S.K.: 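First the structure, which I've put down as structure tokens, then a few questions once you've had a look.
Chain A is the first sequence line, chain B the second, and so forth, proteins listed ahead of strands; every chain is numbered from 1. Remember, predicted model here, so these are calculated numbers, not experimental data.
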There are 2 protein chains.
Amino acid sequence: MITKHKTADVSFDSLLKIFTVPEGPDSTLTKIEERLSQNLNQFLREHIVAEEKPLKEIEKDFFYSTIPESPEFVSEHTQHLLDTLVSHSVHTSAPSFIGHMTSALPYFLMPLSKIMIALNQNLVKIETSKAFTPLERQVLGMLHRLVYNQNDDFYTKWMHSAQHSLGAFCSGGTIANITALWVARNNALKAQGEFQGVEKEGLFRAMQHYGYQGLAILVSERGHYSLKKSADLLGLGQQGLVAVKTDHNNRICPHALNEKIVELKKKNIKPFAVIGVAGTTETGSIDPLPEMAEICREHDCHFHIDAAWGGATLMSNNYRYLLQGVEKADSITIDAHKQLYVPMGAGMVLFKDPEAMKSVEHHAQYILRKGSKDLGSHTLEGSRSGMAMLVYAAMHIISRPGYQLLIDESIEKAKYFATLIQAQDDFELISEPELCLLTYRYIPSEVREALKLASPECRKHLNELINELTQFIQKRQRETGKSFVSRTRLNPARWGKLNTIVFRVVLANPLTGHDILSSVLEEQRNIAQQAPNLMAKILATSQTIEAS
Amino acid sequence: MITKHKTADVSFDSLLKIFTVPEGPDSTLTKIEERLSQNLNQFLREHIVAEEKPLKEIEKDFFYSTIPESPEFVSEHTQHLLDTLVSHSVHTSAPSFIGHMTSALPYFLMPLSKIMIALNQNLVKIETSKAFTPLERQVLGMLHRLVYNQNDDFYTKWMHSAQHSLGAFCSGGTIANITALWVARNNALKAQGEFQGVEKEGLFRAMQHYGYQGLAILVSERGHYSLKKSADLLGLGQQGLVAVKTDHNNRICPHALNEKIVELKKKNIKPFAVIGVAGTTETGSIDPLPEMAEICREHDCHFHIDAAWGGATLMSNNYRYLLQGVEKADSITIDAHKQLYVPMGAGMVLFKDPEAMKSVEHHAQYILRKGSKDLGSHTLEGSRSGMAMLVYAAMHIISRPGYQLLIDESIEKAKYFATLIQAQDDFELISEPELCLLTYRYIPSEVREALKLASPECRKHLNELINELTQFIQKRQRETGKSFVSRTRLNPARWGKLNTIVFRVVLANPLTGHDILSSVLEEQRNIAQQAPNLMAKILATSQTIEAS
């Protein structure tokens with residue numbers, strides 16, 4: 001193919017070949033692809049180095065800032081990618097990688113992804129996507145029905161209607177949430193009399209017209225960090241995102257929510273949207289949705305549910321009840337790349353009312369003409385790939401009862417792990433799993449006793465030492481490369497709302513067995529002993545407290 | 001694998017298999033994938049039906065709104081996808097598909113994409129992406145250098161700096177443009193005295209603090225439709241996007257730009273950003289960037305360049321001059337999925353100043369902690385795939401001189417096509433190609449003569465008939481399935497700014513030969529004869545005009 005020289009040596013003919021002649025069956029790239037197709041886990045186990053290399057070291061391989069002046073052979077470059085990139089990537093599908101929401105993928109999605117990429121459709125418009133457009137509309141329709149369960153007539157009428165949209169497919173939950181809040185903001189500040197609507201005249205004029213002193217979105221203090229970003233982007237400012245306190249189970253307090261709304265209204269600040277979280281990122285908790293819906297109805301707020309993580313639970317007839325009230329939401333975010341087991345980049349937002357998205361509709365001359373079914377007239381993004389195909393295929397091959405099994409298994413595994421943690425003398429469960437997510441920490445029983453007895457000041461001090469230990473264990477465990485849990489900071493009521501660093505575990509990988517869970521704890525226990533000074537300090541402090 | 005029954009029949013063990021047992025070498029899916037790997041174009045030619053099926057018909061295959069209650073065999077479903085989806089998708093890589101910016105892909109990207117998907121990294125944070133994070137930073141650095149050409153020290157200092165960012169990788173040009181304008185807005189309304197900045201307090205307070213009556217972004221009337229959407233999203237309202245008139249070559253008039261800015265300032269409206277277009281979507285025109293940069297400097301506006309399409313031209317030392325002044329931009333958008341020949345979903349925005357993105361920085365407890373190198377602290381999106389790997393690989397395998405050849409070839413092909421069109425009696429070139437994009441229409445010479453002679457009223461009438469014909473030809477040509485050009489509406493000065501429907505051609509596919517260009521014209525000429533009534537009406541009207 002292209003020959004490599006110190007000086008550039010490329011001909012147009014050699015370039016044409018890379019567009020017309022595929023990699024041969026014996027090429028390095030084809031062989032790697034084949035090995036990966038045969039046994040992904042083994043391939044990754046063999047190629048990803050176990051022990052973590054410091055980032056500073058890895059960066060040395062990605063140092064040059066000039067675009068290469070001479071071409072590389074495909075096989076040579078593939079080897080380079082294996083050595084520098086794959087070897088230091090993260091084995092997200094490993095059964096012992098239980099720290100984040102990225103887990104294993106069904107095998108059939110790998111070849112299907114390649115087909116999707118090869119087709120290279122652009123879903124912004126029919127002219128570059130054709131059948132992919134109705135397919136995406138169907139996927140949105142299916143998820144809409146999963147949430148809102150309207151009848152056949154409803155979907156016959158709206159699913160493929162050019163002027164309407166049951167939602168939008170997008171790159172992920174953040175864009176989905178932004179889209180929902182954008183729609184909510186525009187509907188709250190719509191045209192009235194002389195005023196042409198916020199989408200035309202902007203926020204400043206809208207506030208003057210409506211006479212508000214501010215706008216607010218309310219969400220529990222456990223809401224996703226991206227919501228602050230959304231409030232900033234939409235012109236409300238981060239202060240426009242009002243955090244409402246949560247109960248002992250990390251769920252929003254409806255009473256506090258109501259009070260906050262009343263308080264804001266008194267200040268002439270318009271609370272135009274309330275966000276219920278169905279599966280908080282840190283603890284997997286689900287807000288009391290029916291109560292929230294009722295409050296929204298009373299105060300005329302858009303009720304959005306961020307179910308990026310928990311939405312897939314609706315697939316299970318056994319656990320669907322956890323999200324009861326979901327059908328009362330005006331909009332909902334669901335990420336297929338989380339618990340629907342589709343590769344990264346498959347977010348969705350759904351709207352109960354097929355008219356809702358009209359407030360963000362837009363048109364152009366060369367595409368998205370009025371009356372066209374181009375999906376781009378209702379999306380925040382422009383050009384988009386055919387990812388919806390993978391969600392479609394997964395829903396058909398796994399089917400709803402298949403997803404139910406996966407969801408049930410995950411939740412039950414989390415319950416098992418919670419019990420296992422509670423059975424240990426030296427571990428403390430911090431948040432109970434509602435979905436397949438829980439948090440805990442390592443804390444020898446005598447230390448826990450001391451923490452209970454301690455004066456507020458001593459408790460704070462001791463707790464900080466334990467935080468340091470938790471952080472040490474999490475980092476070391478990650479670096480060792482056998483297993484991975486993440487960490488976050490919570491404020492458990494039990495410990496007087498002290499800043500508490502915890503291990504965070506997400507049990508969505510169907511390949512994670514009970515044995516792995518036991519060995520994760522065992523490993524953490526052992527790592528604690530690798531910080532003898534810190535451990536000694538913690539034990540000494542505890543003894544002082546107990547002695548006093 | 002999973003057996004299909006009328007009633008659900010799924011066991012957890014059968015589900016585990018889809019995560020652990022790959023498709024066998026004889027499975028339908030593997031075979032399809034192999035055929036596609038061997039000869040993508042042939043595969044698509046054979047599987048995509050040539051003649052267009054009406055959308056209404058296609059929709060019948062995507063009608064159900066319930067998620068399947070029984071699983072399908074992988075092979076069965078693959079066949080279903082072939083029959084209903086692939087067969088009615090768009091052959092975007094066909095050499096005769098010259099209507100949009102989606103073209104052929106180099107072969108090596110298909111297997112590499114599969115590897116990327118299998119790795120399923122999430123680039124929002126190091127913990128789920130490791131080496132992919134420095135890789136993405138390097139890709140941004142390389143593109144930054146291509147645009148701004150800073151020295152080695154600059155990139156050594158900033159490329160991998162945790163607190164800084166040379167830009168953001170995102171799903172596409174729309175998100176890239178929004179990101180640039182978000183940064184520009186926040187920097188224009190930053191903290192001052194008691195005021196904590198628009199990102200914290202929102203637009204309403206910002207306007208009150210700064211005492212502005214409005215905000216504006218200026219762009220030529222040929223700016224991309226997504227900019228209006230951005231203005232809406234960011235709270236300015238669509239009216240906050242001020243269109244500036246263009247010259248005969250669809251380039252912004254610097255004088256008019258300056259006047260508009262002065263006029264806005266007089267009204268106490270703050271023009272915080274000006275957008276130069278480097279490759280308009282409809283005509284491929286490039287704004288006079290140096291003059292615009294000078295105006296921005298004078299009026300203290302953020303200068304953003306939307307080079308989603310044209311940015312790749314910088315790879316060519318022969319045509320780089322077309323974008324002269326580009327290095328004066330504060331930010332620039334480039335889409336790798338356009339002329340860098342990478343699959344859909346690879347947008348980028350770059351900032352000259354590594355500090356610029358601080359105004360949109362955000363943090364969380366479980367990721368994006370302060371001081372971390374997590375890419376997510378500076379991106380609009382949250383979870384993101386490892387697409388940057390494909391840009392990285394393409395830049396290494398094709399190399400800069402390789403891209404130069406591709407870019408040069410495309411531009412020269414467009415010039416050839418322009419000459420070819422001008423040599424025809426019955427075609428009219430509407431916009432000359434600057435990049436590889438041009439517009440034209442079918443108009444027999446006698447009709448063109450009549451149009452010249454006609455009174456304003458008659459001209460408008462005749463022109464509308466020709467518009468109807470152009471639209472008919474474009475639609476019929478698409479439906480016939482042999483070739484595809486797109487269409488848009490322009491207002492050429494030559495015809496007194498009348499609404500003029502034109503064919504729009506993008507010649508980025510390296511496989512498009514001169515013979516295809518000739519046959520596209522031949523086919524259009526023939527299709528015109530398939531509308532005998534309309535043709536007769538056009539000719540009769542022309543004769544009346546010439547006779548009078």
S.K.: For B/Ser65, is it the side chain, the backbone, both, or neither that has a heavy atom closer than 4.5 Å to a heavy atom of chain A?
M.R.: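 The answer is both parts of B/Ser65.
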S.K.: Tell me, side chain or backbone of B/Leu55 under 4.5 Å from chain A's heavy atoms, or both, or neither?
M.R.: side chain
S.K.: Hey, which of A/Ile32, A/Thr78, A/Leu406 has the most heavy atom pairs under 4.5 Å with chain B?
M.R.: A/Leu406
S.K.: B/Leu380 versus chain A, heavy atoms under 4.5 Å apart: side chain, backbone, both or neither?
M.R.: both
S.K.: Return yes if some donor-acceptor pair links the side-chain N/O of A/Glu381 with the main-chain N/O of B/Ile175 below 3.5 Å, else return no.
M.R.: no
S.K.: Below 30° counts as parallel, above 60° as perpendicular, anything between as tilted: where do the rings of B/Tyr225 and A/His362 land?
M.R.: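 Parallel, since the angle between the ring planes stays under 30°.
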S.K.: Checking B/His337 against chain A: side chain, backbone, both or neither under 4.5 Å from a heavy atom?
M.R.: side chain
S.K.: So, for A/Pro22 and B/Ser37, which heavy atoms are closest and what is the spacing to 0.1 Å?
M.R.: CB-O, 2.9 Å
S.K.: Can you say whether the rings of B/His80 and A/Tyr392 are parallel (under 30°), tilted (30 to 60°) or perpendicular (over 60°)?
M.R.: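 Ring orientation, 0 to 90° scale: parallel.
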S.K.: Using heavy-atom distances under 4.5 Å, tell me whether B/Met101 contacts chain A through its side chain, its backbone, both, or neither.
M.R.: neither
S.K.: What part of B/Leu81 is in contact with chain A, defined as an atom under 4.5 angstrom from a non-hydrogen atom: side chain, backbone, both or neither?
M.R.: side chain
S.K.: Compare every heavy atom of A/Pro68 with every heavy atom of B/Pro401, then report the nearest pair and how far apart it is.
M.R.: CD-O, 3.9 Å
S.K.: Heavy-atom distance under 4.5 Å to chain B: side chain of A/Asn186, backbone, both or neither?
M.R.: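 For A/Asn186, side-chain heavy atoms alone lie under 4.5 Å from chain B.
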S.K.: Does this structure show an ion pair linking B/Arg137 with A/Glu59, if we count only N-O contacts that are shorter than 4.0 Å?
M.R.: no
S.K.: For A/Leu368, which atoms come within 4.5 Å of any heavy atom of chain B: side chain, backbone, both, or neither?
M.R.: side chain
S.K.: Could you pull out the closest heavy-atom pair between B/Thr102 and A/Thr128, with the gap in Å?
M.R.: OG1-CG2, 4.2 Å
S.K.: Judged by atom type as modelled, is there a donor-acceptor pair below 3.5 Å linking the side chain of A/Gln121 to the main-chain atoms of B/Val90?
M.R.: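 Indeed, once roles are kept as given, a pair shorter than 3.5 Å links the two residues.
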